[in-house]
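Since this is a predicted model, take the numbers as computed values, not measurements. Just so it is clear, the values below take in all heavy atoms, side chains as well, and ignore hydrogens, waters and symmetry mates.
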Amino acid sequence: MGWLAITGALFVLVGCGKKIDPRFQSAEATLGTLFRAYGVDRTREPEVREHMQSGGKFKLRSEDEFRACFADYRGPLDEGLAGFVFGRLVARKDSLTFETKGDRTQVFIRDQSKGKPAAVMVAEASGWKLSLKESVPADVAGKLRELYRRAEEDHRRETGSLAR
């Protein structure tokens with residue numbers, strides 16, 4: 001029995017399988033990665049909120065890191081949804097709490113009622129990722145995707161690439 005336990009421990013330590021990227025090892029780490037992708041990981045919540053209230057925008061520093069934070073980011077059509085989730089979380093970044101049950105984590109804002117979570121995360125083989133489908137209300141997602149489609153259509157008209 002002793003050798004079986006030692007063999008099992010070595011199996012885990014040596015890592016027969018893919019190691020989880022430390023940036024996504026926990027729900028908290030994933031949000032840290034999301035905030036770092038915009039360079040606001042060390043910025044306190046009051047400064048972030050002041051910046052947002054003054055109409056300031058955040059500049060994405062790492063598109064790859066940003067996209068990697070989401071389980072179901074499929075491309076440009078999802079940018080508005082991902083931005084919605086980022087904005088909701090970054091505005092209260094110092095007030096977030098986490099409730100994990102199995103392979104799902106709900107992210108809540110500390111001083112708000114325990115109704116709907118601000119975001120939902122899922123555990124994947126590559127680590128904890130934000131779920132756009134579960135984090136963005138369906139009506140908001142529909143509106144954001146429609147805005148994207150209209151903007152794309154307008155762009156095609158302006159550039160003459162829309163077939164008439």
Is there a salt bridge (charged side-chain N to carboxylate O under 4.0 Å, His left out) between Arg92 and Asp111 once you walk through the steps? CA-CA 10 Å; Arg92 301 305 304 270; Asp111 59 348; 2.8 Å; yes
Treat each ILVMFWY residue as a node, draw an edge where side-chain heavy atoms are under 4.5 Å apart, and state whether [X] and [Y] are in one component.
X: Met121; Y: Ile109; answer: yes
X: Leu34; Y: Leu144; answer: yes
X: Phe86; Y: Leu77; answer: no
X: Tyr148; Y: Leu132; answer: no
X: Val120; Y: Leu89; answer: no

Is the backbone of [Y] close enough, under 3.5 Å, to the side chain of [X] for a donor and an acceptor to pair up by distance?
X: Lys93; Y: Arg44; answer: no
X: Thr30; Y: Trp128; answer: yes
X: Gln106; Y: Phe98; answer: no
X: Lys116; Y: Phe108; answer: no

If you look at every heavy atom in Ala119 and Ser135, which pair is closest and at what distance?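 Heavy atoms only, the tightest pair is CA-OG, 3.5 Å.
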Test applied, salt bridge (Lys or Arg N to Asp or Glu O under 4.0 Å); reference residue, Glu63; option that passes from Arg61, Lys59, Arg67: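 Among Arg61, Lys59, Arg67, the one that satisfies the salt bridge (Lys or Arg N to Asp or Glu O under 4.0 Å) with Glu63 is Arg67.
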Any non-hydrogen side-chain atom of [X] less than 4.5 Å from a side-chain atom of [Y]?
X: Asp78; Y: Arg145; result: yes
X: Val107; Y: Pro117; result: no
X: Phe24; Y: Glu124; result: no
X: Ser126; Y: Ile20; result: no
X: Met52; Y: Val90; result: yes

With side chain to side chain donor-acceptor pair (under 3.5 Å) as the criterion, how do Thr105 and Glu99 come out once you've worked through the C-alpha distance, each side chain's angles and the decisive distance to 0.1 Å? CA-CA 5 Å; Thr105 294; Glu99 288 185 13; over 6 Å; no
Show your working on side chain to side chain contact (heavy atoms under 4.5 Å, CB included) between Arg36 and Ser62 and close with a plain yes or no. CA-CA 8 Å; Arg36 194 170 38 261; Ser62 175; over 6 Å; no
Aromatic ring pairing Phe70/Phe66, orientation class (parallel under 30°, perpendicular over 60°, tilted between):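 Perpendicular: the ring planes of Phe70 and Phe66 meet at over 60°.
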Can you label the angle between the His51 ring and the Phe58 ring as parallel, tilted or perpendicular, going by 30° and 60°?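 Judged by the thresholds at 30° and 60°, the geometry between His51 and Phe58 is tilted.
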Working to the nearest 0.5 Å, report the span between CG of Asp41 and CG of Leu31.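 Here the interatomic distance stands at 12.0 Å.
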So, Asp94 and Arg110, do they make that salt bridge, N to O below 4.0 Å?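 The answer is no: the pair does not qualify as a salt bridge.
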Ion pair present between Arg157 and Glu153, side-chain N to carboxylate O less than 4.0 angstrom?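 Salt bridge flag = yes for Glu153 with Arg157.
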Check the surroundings of atom CD in Glu50: do more than 12 heavy atoms from other residues, nucleotides or ligands lie under 6.0 Å from it?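 Incorrect, the count does not exceed 12.
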